[in-house]
Structures are given as C-alpha cells and as structure tokens.
Amino acid sequence: MKTSGLASFAATVLSGALFATAVAAADLPPIVIKGSHFFYENGTEFFIKGIAYQQDVSTNGSTSATGKFTDPLADQAGCTRDVPLIAALGVNTIRVYAINASANHDFCMKLLADNGIYLIQDLSNPVDSIIRDDPKWNTELFATYAGVVDALAGYTNTLGFFAGNEVSNDRTNTDASAFVKAAVRDMKAYIKTKNYRTIGVGYATNDDAAIRDDLASYFNCGDASEAIDFWGYNIYSWCGDSSFTESGFDQRTKEFEKFSVPAFFAEYGCNTVQPRVFTEVAAIYGPNMTNVWSGGIMYMYFQEANDYGIVSLTGTTASKLPDYTALSSQLNAVRPSNTASAAYVVSNTVASACPATGTAWAASSNLPPIANAQLCECMVSSLSCVANSGLTGNQTADLFDTVCGLDKNACAGISANGTTGVYGAYSVCTASQQLSFAFNQYYVSQKSAKTACDFGGNAKVQSGSTSSSCSSLVSAAGAAGTGTVTAAPTAAGASGGSGTGSSGASTSSTSKAAAGMITVPALNTGLLSLGVYVVVAGMAGMGMILL
Ligand SMILES: *[C@@H]1O[C@H](CO)[C@@H](O)[C@H](O)[C@H]1NC(C)=O
Ligand SMILES: *[C@@H]1O[C@H](CO)[C@@H](O)[C@H](O)[C@H]1NC(C)=O
Ligand SMILES: *[C@@H]1O[C@H](CO)[C@@H](O)[C@H](O)[C@H]1NC(C)=O
Ligand SMILES: *[C@@H]1O[C@H](CO)[C@@H](O)[C@H](O)[C@H]1NC(C)=O
Ligand SMILES: *[C@@H]1O[C@H](CO)[C@@H](O)[C@H](O)[C@H]1NC(C)=O
Ligand SMILES: *[C@@H]1O[C@H](CO)[C@@H](O)[C@H](O)[C@H]1NC(C)=O
C-alpha cells in the first residue's frame with residue numbers, strides 16, 4: 001500500500017435496492033479454489049494477472065480528511081476509459097480498495113466481465129476499518145463489510161474479498177490480527193448465510209520480516225471456518241532488474257511451499273529504480289513460482305504523487321506512461337504452465353500451527369465474538385438503565401471514563417483484548433449500546449438506587465424486558481456480559497448494525513481515542529499508508545449501513 005493522501009468516505013446508507021442481482025448477461029465463469037490454487041470452473045488453472053485500480057482523491061501527497069472518495073466501480077466514464085487499457089495489459093483481475101456499497105456497480109462490473117476481468121475487493125474503507133492501534137470488531141464494521149459483500153456477490157467476476165490490508169504491520173500491533181481474523185470468520189459465515197456463491201475471503205499482508213511468518217500462520221491456522229481462504233502478500237522487494245534470489249522471492253516461495261490455501265502477491269511493483277522494467281513478472285509466472293503462487297497484482301494503475309502509476313490522467317484523458325508499455329510487454333509474454341484441476345492432487349492438506357503468543361506475536365487464537373447486532377439490541381432492551389440517545393462521541397468517551405472508573409466490573413462485558421483472548425460478549429456492540437450496558441451494570445450494583453442511573457443527566461431508567469427471541473442470546477452473554485455467545489446473526493438481520501449509537505466507529509474502550517473521533521494513525525486500507533489521518537468527530541459516526 002503506497003498511496004499518499006486520501007479523503008474520508010462519508011456515510012453509506014443503503015437506501016433499499018441492492019443492484020447485484022440485476023446482472024446476468026456476459027457473466028464470466030466463477031473462479032473456484034481447490035487446495036492451494038485457483039481454477040476456472042472448467043478445471044483450467046487460473047493465475048491472477050492483476051492491477052490495483054483506484055484513484056486517490058489527492059494526487060499531490062497531501063492528506064485530506066474532507067475530500068471526496070471515488071468508488072472506481074461506480075464511475076462509468078472512468079471504467080469506459082480505463083478498462084480497455086487494463087485489458088490490453090494482459091490483466092485479468094483488478095484490486096479495488098474501497099467502494100460505496102450503495103452505489104450501482106452494474107456498468108463497470110459488466111464491462112470488466114466483457115473484458116475477461118475479475119475483481120478482488122477490499123471490504124473496509126477509509127473510515128470503516130479495523131484500526132491497528134485500537135482494534136475492534138463490531139456490528140458497525142460487520143454491517144459495512146457485509147454491505148460490500150451484498151453489493152458484489154451477485155457478479156460472477158467477483159473473485160474474492162480481502163477482510164483487511166496490512167492491519168498488523170509490525171510487532172507492536174499484532175493483537176489487531178485477532179479482530180481481523182474475526183472479520184474473516186464472520187464474512188465467510190455471512191456469505192454462507194446469504195446463500196451466495198462460494199466466494200473466498202482473504203487478507204493482504206505487508207512484508208515485515210519480524211512478523212510475516214507468524215501472520216501467515218495465524219490467518220491459516222485453526223478451524224477452517226475461521227481461516228483465510230487465500231493469502232495476499234504485498235511485497236516490494238524486487239526493484240529494477242533484480243532476480244529471483246536477490247529479491248528474496250526464492251525465500252518467500254520456500255516459506256509458502258506447504259501453505260494450504262492459494263497465495264499470491266496482492267501488491268508488487270517496487271519503484272525505487274525507474275523506469276520500472278517489471279522483470280519480476282517473468283519470475284512470478286515462471287516455473288520457479290507457479291507451483292506455489294497464483295500470480296500477483298501490480299501496484300498500481302493511476303499515476304499519483306507516490307509515483308506508482310502507469311497511466312496518468314490529464315483532466316479525464318488517460319495517457320500511458322513508459323511503465324505501462326513495460327508492464328504490458330511482460331504480462332503479455334508470460335505463459336504460466338497450469339495444472340488441470342482433475343490432475344491436481346492436493347498435497348498441502350495441513351493448516352499451519354497457530355503461533356504461540358510471546359514477544360514477537362501477541363494475537364490470541366481465541367477470536368473476538370461474532371458481531372451479532374441482534375444480541376446488542378436484545379441487551380439494550382433488557383436493561384433497566386440506559387444512556388440517552390444523541391450523545392456525542394466525546395460525551396460518550398467521557399461517560400465511559402466515568403462509569404468504568406466508578407466500577408471496573410461494569411465494563412468487563414464490553415472490553416476486548418486480542419492478546420489475552422478475553423472478550424466481553426458486548427465488545428461487538430456500538431458505543432451507545434455499550435455505554436448503556438455499563439450504566440446498567442453500575443445501577444444494578446447500586447441496588448437500583450435512583451441516583452445511580454443519572455450520570456449527569458445522560459442516563460435514564462426504563463422498564464427492561466427480554467423477549468422470547470432474545471432470551472437465549474442474553475442468557476448466553478450472562479449478567480456480567482462475560483459469557484460466550486456463539487449465535488450468528490440470522491440472514492435477515494445479518495447486516496443490521498443499526499444501533500442507536502452516535503459515535504459510530506467506536507466501541508468498548510474507555511478512552512477518547514477509542515470513541516473514534518480523534519487521531520487515527522493511518523487507517524488500514526490500501527489507500528492510506530503514508531502519513532497520518534485525522535478523522536473528525538461525527539464523520540466517524542456516519543459509516544453505518546442500515547439495511
Ligand atoms: C476454461 O475456461 C477458460 C476461460 O474461459 C479458458 O481460457 C480455457 O481454455 C478453458 N479450458 C478448457 C479446458 O476448456
Ligand atoms: C493538494 O490537494 C489538496 C486536496 O485535494 C488540495 O486542497 C491542495 O490545494 C493541493 N495542493 C496543491 C499544492 O496542489
Ligand atoms: C454512495 O452512493 C449513493 C448512491 O449512489 C449516493 O447517494 C451517496 O452519496 C454515495 N456516497 C458517497 C460517500 O459518495
Ligand atoms: C529460477 O530460479 C533459478 C535458480 O535460482 C534462477 O537461476 C532463475 O533465474 C529463476 N528464473 C526466473 C524466471 O526468475
Ligand atoms: C473532543 O475531544 C477532543 C480531545 O479531547 C477535542 O480535541 C475535540 O475538540 C473535542 N470535540 C468536541 C466537538 O468537543
Ligand atoms: C491485554 O491484556 C494484556 C495482558 O493483561 C495487557 O498487557 C494489554 O495491555 C491488554 N491490551 C489492551 C489493549 O488492553
């Protein structure tokens with residue numbers, strides 16, 4: 001991930017119709033996974049010849065939290081201009097980092113299909129993502145990610161989804177991977193619940209030597225329902241006319257020899273030597289690598305301040321840069337030798353062992369709970385003391401400090417720790433729901449004294465009730481919220497993150513930063529790696545999709 005500035009992605013409120021179902025003609029055959037490789041349905045092996053396709057709002061390296069974010073799959077003029085240029089490169093897959101799930105993607109997805117091009121789509125966006133230094137997995141993120149799945153699952157040229165990009169990126173933030181893996185698990189289950197075609201959910205990692213082995217093992221280990229379906233590797237170690245050995249591609253290939261699911265380069269294209277000659281392409285699709293890797297995605301199409309592009313835009317006119325020609329001749333020259341599915345005997349049948357937690361790796365293999373919005377709604381209706389609606393993010397953060405300070409036990413049910421693997425059942429709820437839970441815990445501990453449900457006029461008593469459809473959920477969570485709820489949201493309400501929360505991105509922590517409105521040190525989407533982003537209060541709260 002090498003782009004410069006990016007704006008924030010404001011509210012995505014689904015207004016009803018989902019467009020994905022409207023597509024029919026000129027469908028591409030879906031790509032399926034067998035063992036460590038991708039195949040067309042007819043059994044021919046599929047290698048990803050990919051390019052990252054998303055334009056940054058700012059092409060001058062500034063970091064802007066207010067500019068508009070462009071969904072490239074909703075930009076008909078852009079697709080009309082670019083898809084033929086992409087196809088001529090010999091590309092068969094694009095990677096898009098963020099979409100507006102409520103926009104219509106029919107035109108671009110059909111044009112891509114007509115040109116034999118598949119899509120790998122990241123589920124997060126610049127506002128709604130798992131933050132590496134303050135990670136959470138909650139119903140709001142679930143709703144956003146599920147919205148992207150809903151928007152794209154109907155297109156047969158949707159190849160797969162990334163549930164995260166470079167979230168844990170060094171040894172200080174590996175605990176965040178527990179939350180990302182929970183996102184993988186929940187989105188895999190969601191795709192099944194909705195009876196969509198089987199579409200893989202993977203993760204795109206950075207190439208940090210201290211943690212890359214543990215990262216790959218962690219996301220591949222344990223129960224298959226929690227593990228990634230494929231592994232994307234963002235790797236920039238082949239610069240200029242390097243070689244298989246000099247670049248370290250030989251070592252990386254050895255490391256993935258036994259990996260039980262497909263692995264490919266989710267970004268490549270080092271630009272420290274210019275112009276780029278893309279000699280890595282012959283290696284990626286050559287006999288040294290194709291038994292282990294399923295191709296790669298070059299970063300990137302649009303020329304921007306970070307200087308990774310191969311096409312520059314002047315107004316709306318696209319011009320090929322010299323790197324376009326170099327990439328095109330390399331990609332069009334390769335003929336990866338493929339193994340037919342029927343002749344492929346899967347040999348990598350064993351998943352990795354989960355890495356032990358210690359100094360280098362700090363994510364527990366015990367994952368955060370399923371982000372079940374129904375559970376949270378049931379919890380709130382059961383309470384006798386709740387937070388007022390309409391509190392700002394800062395008020396909510398202050399009130400967390402207050403109530404958790406008064407009674408630490410009040411907050412056990414809403415806290416989450418990816419290192420210890422101890423998560424409150426309500427750690428997945430919205431900030432407002434969590435605040436209500438903590439208020440109620442305190443109120444109950446004070447024997448329901450009237451003064452114990454006040455909090456400066458920000459709380460009120462209600463007559464709590466638990467409907468029959470809620471009782472098993474709420475009782476599994478337990479009175480303190482420290483029980484284990486294994487129920488997944490049902491299909492109908494699956495993407496309902498519709499809490500009463502006013503501070504969207506935030507949940508369980510007691511700090512102001514955790515209430516989602518202060519400084520976010522680089523959101524974890526592929527668009528945002530250089531620099532620091534500031535998400536202003538309110539904006540972070542808008543990213544909720546209501547179904
Ligand atoms: C399978 O389908 C792909 C894509 O349409 C095609 O390129 C390939 O030749 C087909 N393989 C066979 C064995 O028909
Ligand atoms: C850079 O881009 C930002 C955001 O689009 C814009 O506000 C700013 O004026 C630009 N600066 C220059 C020097 O072009
Ligand atoms: C997302 O798309 C919808 C429908 O086209 C549109 O109303 C909304 O403004 C878009 N949101 C953003 C942030 O562009
Ligand atoms: C394959 O590996 C061998 C041995 O390391 C190396 O000499 C050769 O250049 C590699 N081929 C490509 C296409 O990188
Ligand atoms: C919220 O709190 C932060 C940090 O204390 C502060 O910078 C910001 O101005 C506050 N926002 C509002 C709207 O009060
Ligand atoms: C998680 O728990 C460990 C061990 O108690 C502690 O060191 C760490 O600070 C906790 N992390 C968070 C984010 O609270």
Side-chain angles (χ1 to χ4, degrees), residues 6-20 26-32 34 37-49 54-55 57 65-76 78 87 90 92-93 98-108 113-118 125-128 144 147-148 150-152 156-157 159 335-344 390-401 431 502-506 509-520 527 534-546:
L6 179 67
S8 76
F9 188 76
T12 49
V13 178
L14 264 195
S15 51
L18 294 169
F19 299 102
D27 287 349
L28 284 182
I31 301 301
V32 297
K34 177 180 174 184
H37 296 281
F38 292 110
F39 296 90
Y40 291 105
E41 277 181 325
N42 66 13
T44 296
E45 187 173 359
F46 179 82
F47 291 95
I48 293 168
K49 293 184 187 162
Q54 188 139 34
Q55 192 176 11
V57 65
T66 53
K68 280 278 174 199
F69 165 87
T70 305
D71 174 350
L73 300 177
D75 178 358
Q76 295 196 15
N92 64 15
T93 305
I99 61 159
N100 173 351
S102 56
N104 188 326
H105 302 102
D106 286 350
F107 179 88
C108 288
D114 289 347
N115 283 277
I117 297 171
Y118 291 84
N125 66 56
V127 166
D128 285 326
T144 297
V148 175
D150 288 336
L152 298 173
T156 59
N157 54 330
L159 192 163
R335 300 278 177 275
S337 91
N338 55 68
T339 306
S341 177
Y344 168 44
L391 297 174
T392 67
N394 276 8
Q395 286 172 314
T396 303
D398 288 343
L399 290 164
F400 273 129
D401 285 345
S502 60
S503 56
S506 84
S509 168
T510 60
S511 73
K512 280 194 170 71
M517 67 247 154
I518 308 175
T519 305
V520 180
L527 290 163
V534 176
V535 177
V536 292
M539 211 167 239
M542 293 193 302
M544 189 187 302
I545 292 176
L546 305 168

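Please read these numbers as outputs of a predicted model, since none were measured by experiment. For ligands, and for the atoms within them, numbers begin at 1 and follow the listed sequence. We're numbering straight along the sequence, starting at 1.
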Glu45 (side chain) donor-acceptor with Thr339 (main chain) under 3.5 angstrom: yes

Which atom of Ala98 lies closest to which atom of Pro72, heavy atoms considered: O-CD, 4.0 Å

Pair Phe46 + Phe39: ring centers closer than 6.0 Å: no

Heavy-atom pair of closest approach, residues Ala151 and Ala101: CB-O, 3.6 Å

Subset of ligand 3 atoms that lie under 4.0 Å from at least one heavy atom of Ser102: 1 (C), 2 (O), 3 (C), 4 (C)

Asn100 backbone acceptor or donor facing Asp71 side chain under 3.5 Å: yes

Asn100 neighbourhood, listing ligand 3 atoms whose heavy-atom distance to it stays under 4.0 Å: 1 (C), 2 (O), 3 (C), 8 (C), 10 (C), 11 (N), 12 (C), 14 (O)

Side chain Thr44, main chain Tyr40, donor-acceptor under 3.5 Å: no

Leu28 backbone acceptor or donor facing Thr156 side chain under 3.5 Å: yes

Every residue of the protein that comes under 4.0 Å of ligand 1, judged on heavy atoms: Tyr40, Asn42, Thr44

